[in-house]
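Order of listing sets the numbers, starting from 1, for every ligand and every atom in it. When a residue number appears, it is its place in the shown sequence, counting from 1.
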Amino acid sequence: MATAEQLNCYDFPKGFAWGAATAAYQIEGGWDADGKGLNVWDTFTHQGGDRVFKNQTGDVACGSYTLWEEDLKCIKQLGLTYYRFSISWSRLLPDGTTGFINQKGIDYYNKVINSLLENNIIPVVTLYHFDLPQAVEDQGGWNCEKTIEIFNHYAQFCYETFGDRVKFWITINEPHVVAKLGYEEGLFAPGKKEPGLGAYRAAHNMLKAHAKAWHTYKNDFKNKQKGFVSIAIDSDWAEPYDPNSEKDKEATERYLSFYVGWFAKPIFVDGDYPEIMKTVVSKRSKAQGLQTSRLPEFTNEEKNMIKGTADFFCLNYYTSRKIRHCTSSADESSCTSDIAAERIKDPDWPECGVEWLAVVPWGLRKLLAYIKDTFGNPTIYITENGFAQNESPVIKDVQRWTYFQETLTEILKAIRLDDVDVKGYFCWCLLDNFEWISGFSVRFGLFHVDFDNAELPRTPYHSAIEYSKIVKRNALTGPGETVASLNN
Ligand code: BGC
């Protein structure tokens with residue numbers, strides 16, 4: 001394999017996808033505009049109770065529902081070749097089903113898709129990014145098997161309606177987050193707390209829903225539309241706290257298996273959960289006097305249905321952790337106690353505007369290599385990565401841009417030195433937006449949004465201007481510029 005110096009370039013591969021990402025609830029606003037139905041985040045935020053920073057909501061957010069042209073200007077200013085956004089399911093289908101279709105919702109997404117294409121920007125569409133229609137949640141949401149079929153009909157409807165133009169589909173964004181925060185810890189909408197059961201059940205149904213929607217595309221649309229379908233999987237990178245401790249090494253393996261492995265192993269390897277996950281949960285369930293494991297099992301038919309249902313790997317990477325083995329008492333029932341691993345932020349790692357995000361660019365390179373080795377060397381798109389500022393953002397975010405540069409350097413190393421097939425990078429996020437329970441206190445945008453001004457003006461951060469240069473030349477450095485060596 002050639003080293004970077006031999007290749008003598010900081011170029012990204014030809015045709016590398018340069019993007020930015022957003023999600024409907026975080027940017028659109030227009031929560032009840034033009035017949036949109038409620039989703040779980042509308043309900044969750046409207047209930048108040050200090051679960052979200054200052055009880056803020058996404059009712060208005062960046063106003064993208066009415067200000068799409070402003071977003072398009074930002075995308076064009078960056079020179080992006082791809083733009084990832086999500087469809088608000090309940091804007092299209094107010095009760096989640098095709099029983100009633102909201103034409104205004106179709107019009108909005110047609111406008112977005114058509115104007116992207118007119119500007120040679122390829123749309124990447126996420127069908128579901130945390131905002132399940134409330135009506136679907138009322139029937140059990142991801143706790144309930146029925147949701148698999150409802151999701152499949154929704155996916156089918158989107159392929160039919162937009163698939164003549166949309167060729168990149170992501171079924172579900174971060175099922176791990178939805179399962180754990182939404183159905184186990186109750187920190188995210190729909191706020192369900194069912195430790196030790198809820199997350200496993202929700203994840204089980206989401207995996208089946210994803211697989212079904214992938215097959216629907218393959219069987220009924222692929223020949224004609226010639227597009228691709230995947231799922232966005234998030235994961236930390238993890239390393240043993242004490243590299244010489246067997247216990248810490250095992251805990252690290254457990255941690256990664258319960259994180260990226262939970263979804264990637266069934267989809268990319270063999271239709272089933274990682275062995276470690278099955279063993280640990282079943283053992284602990286037995287010790288708790290249960291007849292069956294808290295981790296549901298797939299039938300052989302389901303395994304065959306799930307295996308191989310992603311046309312590429314969509315990875316969302318933000319941070320890394322050092323992992324120390326810990327013990328959990330037998331009667332504790334939760335995903336976290338099943339993993340029995342303490343997540344440690346190395347104090348040497350810089351932090352950004354959000355407490356959980358220790359900045360570890362090299363963790364991405366390691367995670368990419370792990371994915372290559374563990375999940376059959378898939379083509380990978382990094383569909384989210386970013387660094388936040390806090391409530392008092394600076395437009396000249398020089399330090400943040402350094403993090404981006406370091407991250408892009410690590411991606412080049414992964415491509416050039418580790419032979420990982422990375423085909424694209426989507427920065428999170430195009431705009432400052434509603435950052436879930438942190439509300440507007442955390443700013444991930446390439447563009448600043450002034451939320452105190454009713455017109456919600458967008459202003460490029462220094463990072464946006466620098467990112468646009470990289471996008472334009474498809475290379476990390478311009479003439480005479482240097483960055484860290486790519487050799488190790
Ligand atoms: C989510 C985004 C979120 C970002 C930063 C990801 O988990 O997909 O919606 O804003 O992380 O927290």
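Counting atoms of ligand 1 from 1 in the listed order, those under 4.0 Å from a heavy atom of Phe444 are 5 (C), 12 (O). If you number the atoms of ligand 1 from 1 as listed, the ones under 4.0 Å from a heavy atom of Trp356 come out as 12 (O).
The only option from Arg324, Arg321, Glu342 that meets the side-chain contact (heavy atoms from CB on, under 4.5 Å) definition with Tyr241 turns out to be Arg324. Applying the side chain to side chain donor-acceptor pair (under 3.5 Å) test between Arg458 and each of Asp432, Asp450, Asp71 identifies Asp71 as the sole match.
Atom 7 (O) of ligand 1 has its closest protein heavy atom at Glu174 OE1, 2.4 Å. Looking from atom 4 (C) of ligand 1 to the surrounding protein, the closest heavy atom is Tyr318 OH, 3.3 Å. Nearest protein heavy-atom neighbour of atom 5 (C) of ligand 1: Glu435 OE2, 3.3 Å. Remark: minimum distance from atom 1 (C) of ligand 1 to any protein heavy atom is reached at Glu384 OE1, 3.3 Å.
The six-membered or imidazole ring of Phe130 lies away from that of Trp89, with a centre-to-centre distance of 6.0 Å or more.
Ion pair Lys265/Asp272 not flagged as a salt bridge, since none of the NZ, NE, NH1 or NH2 atoms sits closer than 4.0 Å to an Asp/Glu carboxylate oxygen. Glu194 and Arg294 are not joined by a salt bridge, as no carboxylate oxygen comes within less than 4.0 angstrom of a charged side-chain nitrogen. Using a cutoff of 4.0 Å between basic side-chain nitrogens and carboxylate oxygens, Glu149 and Lys212 are scored as salt-bridged. In summary, Asp34 and Lys36 do not engage in a salt bridge, as defined by a charged side-chain N under 4.0 Å from a carboxylate O.
Heavy atoms of Asn173 come nearer than 4.0 angstrom to ligand 1 in at least one pair. Not a single heavy atom of Phe188 sits under 4.0 Å from any atom of ligand 1.
Neither the backbone nor the side chain of Tyr25 comes within 4.0 Å of ligand 1, counting heavy atoms alone.
Residue-to-ligand polar distances place Gln26 within reach of ligand 1: an N/O pair is separated by less than 3.5 Å. Checked against a 3.5 angstrom limit, the closest N/O atoms of His129 and ligand 1 fall inside it.
Contact record, Thr171 with Phe151: O-CZ, 3.6 Å, taken as the closest heavy-atom pair.
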